[in-house]
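Side-chain atoms are counted along with the backbone in the values below, which use heavy atoms only and exclude waters and symmetry mates. Letters go in sequence order (proteins before strands), and every chain restarts at 1.
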Amino acid sequence: MSNSDFDIKYVANLARIKLSSDQESRLGAQLGDILGYVKKLEQLDINNVEPMAHAVPLHNVMRTDEIQPSLTNEEALANAPKKGNGLFVVPKIVE
Amino acid sequence: MILHELTIAELTAKLASKEVSSREAMHSCLDRIDAVDDRINAFISIDREDALGQAEAADVVLGQGANQNDQPLLGVPISLKDIFCVKNQPANCASKILGDFRSPYDGTVVQKLKEAGAVVFGRVNMDEFAMGSSTENSAFGRTCNPWDLDRVPGGSSGGCAAAVVAQECFGSIGTDTGGSIRQPSALCGCVGIKPTYGRVSRFGVIAFASSLDQVGPMARNVRDTATLLGAIAGHDSKDSTSVPIEVPDYVGGLDVNLEGIKLGLPKEFLGAGIDPEVQSVFEAALKQYEALGAEIQEVSLPHTEYGVATYYILATAEASANLARFDGIRYGDRVEGNDPFSLYCNTRGKGFGDEVKRRIILGTYVLSSGYYDAYYIRAQKVRSLIKQDFDQALSKVDALITPTVPYTAFKAGEKTDDPLQMYLSDIFTISCNLTGTCGVSLPCGFTSNPKLPVGLQLLGKPFGEQELLKIAYAYEQSTPWHKERVKL
Amino acid sequence: MEYEAVIGLETHCQLKTKSKMFCGCANEFGADPNTNVCPVCLGMPGVLPVPNELALQLTALTGYLLNCEVPNFAKFDRKNYFYPDVCKDYQITQFDFPSTTTGYVDFEFGSKIERVRITRAHLEEDVGKNNHFDQHSGVDFNRAGVPLLEIVSEPDISSADMAYDYLNALKDILIYGGISDCDMEKGMVRCDVNISVRPKGATDLGTKIEIKNMNTFSGVRRAINYEVPRQIDTLESGGSLVQETRRWDDDAGITETMRSKEHAHDYRYFPEPDIMPLRPSEEWLAEVRSHIVELPLARKQRFIMDYSIPAQDAEVLVGNMPLGAFFEKAVDGSKNPKAVANWVINNLQARLVEAECTIDELKFGPEAIRELVEIIDCGAISNKGGQEVFNELFNNGGSPKDIVDARGLAQVSDSGELDKWCRDAIDTNPGPADDVRNGKENAINFLKGQVMKASRGKANPQIVGEKLLKLLKG
Ligand SMILES: [Mg+2]
Ligand SMILES: [Zn+2]
C-alpha cells in the first residue's frame with residue numbers, strides 16, 4: 001500500500017534536503033510504505049478524544065525577567081563556518 | 001585486580017578505602033578500551049587528558065576524606081552518549097553534519113554528574129540523532145554487540161550498552177525516545193532505565209523528539225543504575241518540561257521483598273511475533289517473580305498495535321523542526337551555495353544520513369498543509385488513547401511486565417533496507433514514551449545457540465522509578481544473569 | 001467605477017523587558033553584534049526555551065488595554081521556515097490559542113471617533129537582523145529572541161490616513177501601559193499591511209496583497225497611498241491581481257514583488273513541545289489587571305471635561321505621558337487649571353526641551369506650579385515676577401513663596417507707602433497731572449510708570465492706578 005499524494009520532491013524541498021534522483025526514488029518508496037502503514041490509525045474512532053501534546057500535565061512554567069550572562073562575540077562565533085565583522089556570514093540574501 | 005570489571009558500588013567502596021585511586025580506575029577503562037574497542041567501536045572519541053585530569057581532581061577530593069556519601073559517583077568514570085553537550089567538547093550526535101562543533105556550554109545532566117563527582121569521559125556511538133534501533137546509522141561506523149560482533153547492539157544508545165557490557169566504563173548515560181535505552185540494554189545484557197518524562201532534565205541533550213525524549217542511565221546492575229539515576233534526576237529550571245518533584249533515595253529503596261506486588265501482563269504483547277526462545281526465557285522470569293511472592297495478572301492495553309504508527313508520526317514531526325537548525329549557518333559542516341536556500345539544501349543533503357533524511361521528510365510531510373489533521377492531530381488523539389490504556393492498567397497493578405524486545409540481537413545489515421521492519425522492533429518499548437511513564441530493562445536470561453542476552457521490561461507509574469527499581473532488584477538478586485560477563 | 005480600499009494591519013512591537021523571551025540575554029538595542037547572545041537564542045544544539053513571565057504579563061495587559069478577551073488557555077507553537085535570521089529555523093509563536101483575542105481600539109480620526117477591531121495580540125520571538133553587503137550578508141542575533149507582540153487588526157481601515165492615526169493611537173496605548181517604548185528608530189515597532197480594493201459598496205473582499213518592510217508609520221501611509229491606486233489602476237486597465245507579498249522600497253517609494261517568496265511557504269505550525277501550555281490563574285490575571293491604566297483617548301476627554309482646557313492643550317498633555325502626569329498632580333486642588341496647563345505646556349515643556357532633561361530630573365515638584373499660579377492669581381506677584389520665580393524653581397528648586405520672599409518680589413499693596421509714591425509722582429510731574437485732571441485719561445500711564453519706577457516694580461499696578469485717579473479727580 002503506498003501513498004499517491006506523497007510528492008517527495010516537494011517535501012524534500014520544504015525540508016531543505018537535496019536528494020539525488022536515486023535517493024528520491026528509494027526514500028520515496030520506503031516512505032510510501034511507511035505512510036501506508038500509519039494509515040492504520042484511520043481504523044480508530046477518535047471523535048471526542050482530546051489530542052495529547054505533552055507527556056506531563058504541567059502548565060504556566062515561566063522564568064522571572066532577569067538578565068543572565070551572555071556569550072562573548074568570540075564564543076558566539078567559535079563554531080561559525082564563516083564569519084566576519086562579528087557576524088555570521090551567509091550567501092547574499094535577496095528579499 | 002581487574003578494576004574495570006567492578007560495579008560502581010564495588011569501585012566506590014575501594015575508592016573510599018583508598019585501596020584504589022580514581023586515576024587507576026580511569027586508566028583501567030582506557031586500557032580496556034585500547035584492548036577491545038577496535039572490535040566493539042563503542043567510542044567515537046575520548047579526551048584522555050581531560051578524563052585523567054578529572055580523575056586526579058577526584059583523587060584530591062577523596063584524599064581530603066570525601067566519599068560516596070558526599071558525592072555518590074566520586075571518582076567513577078562514566079561515559080556519555082554522543083548526544084550530550086559538554087563544554088568545549090565535541091557533540092556530533094553521530095552525524096557528519098555537526099562537523100567539528102564544540103559545545104559552548106555544559107548540559108544539566110553533565111553538570112549533575114560532575115557535582116556527583118563522576119569522571120565524565122568519552123563520546124559513545126549511537127544512531128545518528130538517536131534515529132534507529134541498531135547503532136548502524138552512524139557517521140562513525142557501526143557499533144558491534146559484545147556477545148557477537150556480527151550482531152547489532154541495539155540502538156539508538158547502542159554505544160552506551162556495548163561500552164557498559166564490554167566493561168569499558170562503569171556506567172553510561174543514554175537517551176530513550178522510543179526504547180533507545182531499554183532496547184540496547186536488552187540486546188547487550190545490561191540494565192537501563194527510561195525515567196518518567198520530566199524526571200531528568202533535557203537541557204543540553206540534542207533533541208530528537210521533544211515530547212518523547214528522556215535521559216536515563218545504563219549500568220551492569222540495578223543498584224548501579226539506581227545510583228546513577230539518583231545523581232542525574234531532579235527539577236531543572238532550564239527545562240520547562242522538567243517536573244518539580246523530590247528525588248527519592250533510589251538505592252535506599254531497593255528491597256528483595258516482593259510480597260503483595262502485583263505485576264500486569266499485557267495480553268496484547270504476547271503471542272505473534274515473539275521469538276520462541278525469548279518467549280520461554282520470559283515465561284521463566286514470570287515464574288521466578290511468582291516464586292518471589294509477586295502476583296501476575298493479565299491486563300489489557302487495547303491500543304498497543306497503534307503505538308508504532310502513532311510514534312512515527314509524532315516523533316518525526318517534532319524531529320523535522322528540531323533538526324531544522326542544522327543548516328550550516330551558525331555551526332557544523334557547511335556546503336556552500338549561491339543563496340541561503342541552496343546552502344541549506346546542499347548542507348543538509350550531504351550532512352544527514354539516509355535514516356535521518358527519511359524521518360525529517362516524513363515529519364515534514366505529516367505537518368504540511370492539508371495533512372496536519374489527518375496525521376498529526378489524529379496521532380495526538382491516539383496518543384491519548386494509549387495513555388488511557390496505561391492509566392487503567394497501572395491502576396490495577398504495580399507495574400507491567402513484558403519482554404523488552406520480541407527477539408535477540410539481529411545481524412548487522414539484516415534490517416537496514418527495510419526501515420518499517422526496523423521500526424516495528426520497537427513495539428514493546430514505544431508506548432512508554434508516548435505515555436511519558438517509566439520503564440526499565442534488565443537481563444533475564446540467554447538464548448542457547450548463539451548465546452545472546454534476553455531483556456525483561458518493567459513499566460511503571462509516573463514517577464514510580466523507585467518502585468520499579470525495587471521490583472527489578474528483587475528479581476536480579478535472585479537470578480545469576482547480571483553476573484554473566486562477556487569474553488572478548 | 002469607484003473603488004474603496006480594505007486595509008488590515010499586523011503590528012509587531014518589542015516588549016519592554018530586561019531579558020529576552022526565552023533566555024536571560026539582555027533585551028537591549030545597540031550592542032555590538034552577537035554579544036547579547038547565548039546558546040539558547042543562537043539555537044545551539046540541546047538548548048530549551050523558558051518563557052519570560054513579564055512578557056506574558058505585558059501581553060495579557062495589552063489584551064486588557066485593547067478591550068480583548070484574555071482566554072484561560074493559551075499555548076506556544078512552532079512556525080517552521082528556513083531563513084538565516086531565524087536561529088532554530090522555526091519561530092516560537094502562538095497560532096491557534098493566542099494569549100489575547102477579539103478586542104478593539106477607539107481613536108480620533110478627523111472629527112470622529114473610529115473603531116478598529118483587533119483580531120488578536122499574540123506573543124512571539126523576534127528574529128535576528130540581516131546585514132547586506134556587496135557579495136554576502138551577515139547575521140546579528142542580538143535581536144533574536146526579543147519578546148515581540150504581534151497585534152493583528154481586522155480589515156477595518158479604509159485609508160492611509162486612517163491607518164496612520166490608528167497606528168499612532170496604538171502606539172500611545174502601548175507606551176501608556178508600559179508595554180513597549182515603541183521607539184521607531186530602534187526598530188521597536190514594525191508593520192505589515194494587508195490591502196485589497198473592491199468596487200465601492202461591494203461586500204466580497206478583493207485580492208489580498210501583503211506589504212512588508214515598513215519601518216515608520218509615515219512609511220505605512222506612503223506605501224498605502226502608493227499601493228491602493230496601483231491596485232485600482234491594474235483593475236481598471238483590465239488586469240487582475242494575484243495574492244502575493246510585496247516589499248515596500250522606501251527610497252523609491254514603490255512596492256515590488258518579493259523574490260524570497262518564490263519558494264513555497266508552508267509553515268507547518270504545531271504545538272511547541274518544549275513549552276507547557278498556559279492557564280492563567282485568577283490571581284495572576286488580577287495582578288496584571290492592577291496595572292491597567294487610563295487610555296490616552298479617555299484621558300484627553302477627561303482633561304477637557306474636568307479642567308476646561310482646550311482640546312489642543314489636552315492633546316499635548318496626553319501625548320507626553322510624564323508631562324500629563326505632572327500636570328495632573330499640579331492641577332489637583334487648583335482653582336485655575338487653565339493657568340496650570342499654560343505653565344506646564346508653555347514654560348515647563350519648553351524649558352525641559354531647551355535643557356535636554358526629563359521630568360524626573362526636575363528640582364521641584366508639581367505642587368510648586370500650583371502654588372505659583374495661586375500667588376499670581378491673588379496678586380501677590382506680577383506675571384513678570386512669576387517668570388522669575390519659575391526660572392529660579394527650574395534652576396535651583398525651592399518653593400515659590402520662599403523665592404518671592406528671598407528675592408523681594410512681593411507686590412506692595414500697603415496704602416501708606418503707595419500713597420507716598422503717588423503723591424510724589426503728582427507733585428514732581430504737574431503737567432501730566434493736569435492733563436489727567438483735564439480729562440486726558442491716557443496721561444495716567446505716565447504717572448503710573450513713575451510710581452512703578454519709584455517702587456522698583458513692587459507696587460501693585462492695579463491699586464496704583466486706582467489711587468492716582470482718586471488723588472487727581474477726588
Ligand atoms: Mg508573527
Ligand atoms: Zn540568549
So how far is it from [X] [atom1] to [Y] [atom2], rounded to the nearest 0.5 Å?
X	Y	atom1	atom2	answer
E75(A)	N34(C)	CD	CG	12.5 Å
K18(C)	Q68(A)	NZ	CD	11.5 Å
C87(C)	F88(A)	SG	CZ	10.0 Å

Side chain, backbone, both or neither: which part of [X] has a heavy atom under 4.5 Å from chain A?
X	result
L278(C)	both
E256(C)	neither
P49(C)	neither
F22(C)	backbone
K20(C)	backbone
L56(C)	side chain
R247(C)	side chain
N131(C)	side chain

Do other residues, nucleotides or ligands put more than 12 heavy atoms under 6.0 Å from [X] [atom1]?
X	atom1	value
Q135(C)	CD	no
E50(A)	CD	no
E74(A)	CD	no
K18(A)	NZ	no
K40(A)	NZ	yes
N72(C)	CG	no

Which of [options] touches chain A most, by non-hydrogen pairs under 4.5 Å:
options	answer
C25(C), P277(C), C38(C)	P277(C)
D140(C), T35(C), V37(C), L54(C)	V37(C)
A55(C), G138(C), P84(C)	G138(C)

Between D65(A) and N52(C), do the side chains contain an N or O donor and an N or O acceptor separated by less than 3.5 Å?
yes
Selection from [options] maximising heavy-atom pairs under 4.5 Å formed with chain C:
options	answer
H54(A), H59(A), K83(A), K82(A)	H54(A)
L71(A), V89(A), N79(A)	L71(A)
V56(A), V61(A), L58(A)	L58(A)

Mind checking whether [X] and [Y] have side chains closer than 4.5 Å, heavy atoms only?
X	Y	result
D266(C)	Y10(A)	yes
Y81(C)	R16(A)	no
H132(C)	I93(A)	yes

Check against side-chain contact (heavy atoms from CB on, under 4.5 Å), M276(C) and N60(A):
CA-CA 6 Å; M276(C) 291 305 184; N60(A) 303 335; over 6 Å; no
Considering only heavy atoms, which portion of A55(A) lies under 4.5 Å from any heavy atom of chain C: side chain, backbone, both, or neither?
neither
Which heavy atom of A26(C) sits nearest to which heavy atom of S70(A), and what is that distance?
N-OG, 4.4 Å
From the list C23(C), S19(C), P51(C), side chain to side chain contact (heavy atoms under 4.5 Å, CB included) with R63(A) holds only for S19(C)
With no hydrogens and no angle check, is any side-chain donor or acceptor of K92(A) less than 3.5 Å from a backbone partner on F133(C)?
yes
Say whether, by atom type as modelled, one donor and one acceptor occur between the side chain of N73(A) and the main chain of P33(C) under 3.5 angstrom.
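Yes: the side chain of N73(A) pairs with the backbone of P33(C).
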